[in-house]
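So the structure is just underneath, and the comments pick up after that.
In what follows, every chain begins at residue 1, and chains take the letters A, B, ... in the order their sequences are listed.
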Amino acid sequence: MTEFQQAIYRVVRRIPPGRVINYGRLALLAGYPGHARAVGNALHMLDEIYPDVPWWRVINRAGQISTRCPQHTMTEQRTRLEAEGVSFNAKGQADWARFGWLENEDVTP
DNA sequence: ACGTTGACGTCAG
DNA sequence: TCTGACGCCAACG
């Protein structure tokens with residue numbers, strides 16, 4: 001477990017249900033600006049050891065799900081998000097204005 | 001040590 | 001709008 005991964009997971013744990021964030025902003029909040037791609041790698045390494053890390057709340061800048069991981073499929077991610085109230089339009093993208101996580105809010109909508 | 005890879009983001013056409 | 005090129009950086013072999 002590298003320090004980088006800890007920093008990323010630490011921020012992901014703070015994302016409230018029903019909210020999403022993109023990789024680049026997550027990297028920024030974790031103190032590693034510009035590490036968007038590395039964030040993807042870090043989340044990919046997640047396994048059942050860290051069940052408290054809501055990885056599915058992380059999507060790309062377009063508001064779309066970008067995982068190709070066979071363990072955590074995009075249908076699973078979408079199902080988890082929709083269960084929390086996050087909806088997707090016809091293009092499969094979530095609305096940042098409605099579901100984007102404002103890092104200073106700690107209350108569930 | 002070094003090249004490649006990838007759950008990314010931005011910008012020029 | 002949509003697409004492709006490019007930059008980015010930690011993991012991995």
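Within the 3.5 Å criterion, the main-chain N or O of A:Val20 finds no donor-acceptor partner in the side chain of A:Arg57. No donor-acceptor distance shorter than 3.5 angstrom exists from the side chain of A:Gln93 to the backbone of A:Gln64, with no hydrogens or angles considered.
Note on A:His35: a side-chain N or O is less than 4.0 Å away from OP1 or OP2 of C:dA10.
Put simply, OH on A:Tyr9 is 12 Å from C1' on B:dA7, counting in whole angstrom units. Taking atom CG of residue A:Leu81 and atom P of nucleotide B:dA7, one finds them 18 Å apart after rounding to whole Å. The distance between atom CD1 of A:Ile8 and atom P of C:dC9, rounded to the nearest whole Å, is 13 Å. Put simply, CE on A:Met45 is 16 Å from P on C:dC9, counting in whole angstrom units. Rounded to whole Å, atom C1' of B:dG6 lies 12 Å from atom CZ of A:Phe4. Rounded to whole Å, the distance from CG on A:Asn41 to C1' on B:dT5 is 8 Å.
In this structure, A:Phe88 and A:Leu81 have side chains that are in contact, with non-hydrogen atoms separated by less than 4.5 Å. Looking at A:Trp55 and A:Arg80, their side chains come closer than 4.5 Å, going by heavy atoms from C-beta outward.
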B/S/- contact track for nucleotides 8-13 of chain B, protein heavy atom under 4.0 Å: BSS---
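By the 30° and 60° cut-offs, the orientation of the rings of A:His35 relative to A:Phe4 is tilted.
Across all strands shown, B:dA1 forms no Watson-Crick or G-U wobble pair with both key distances under 3.5 Å.
Comparing A:Pro33 and A:Lys91 by the nucleotide of DNA chain C that holds the closest heavy atom to each, the one mapping nearer the 5' end is A:Lys91.
At most 12 non-hydrogen atoms from other residues, nucleotides or ligands lie less than 6.0 angstrom from CZ of A:Arg61.
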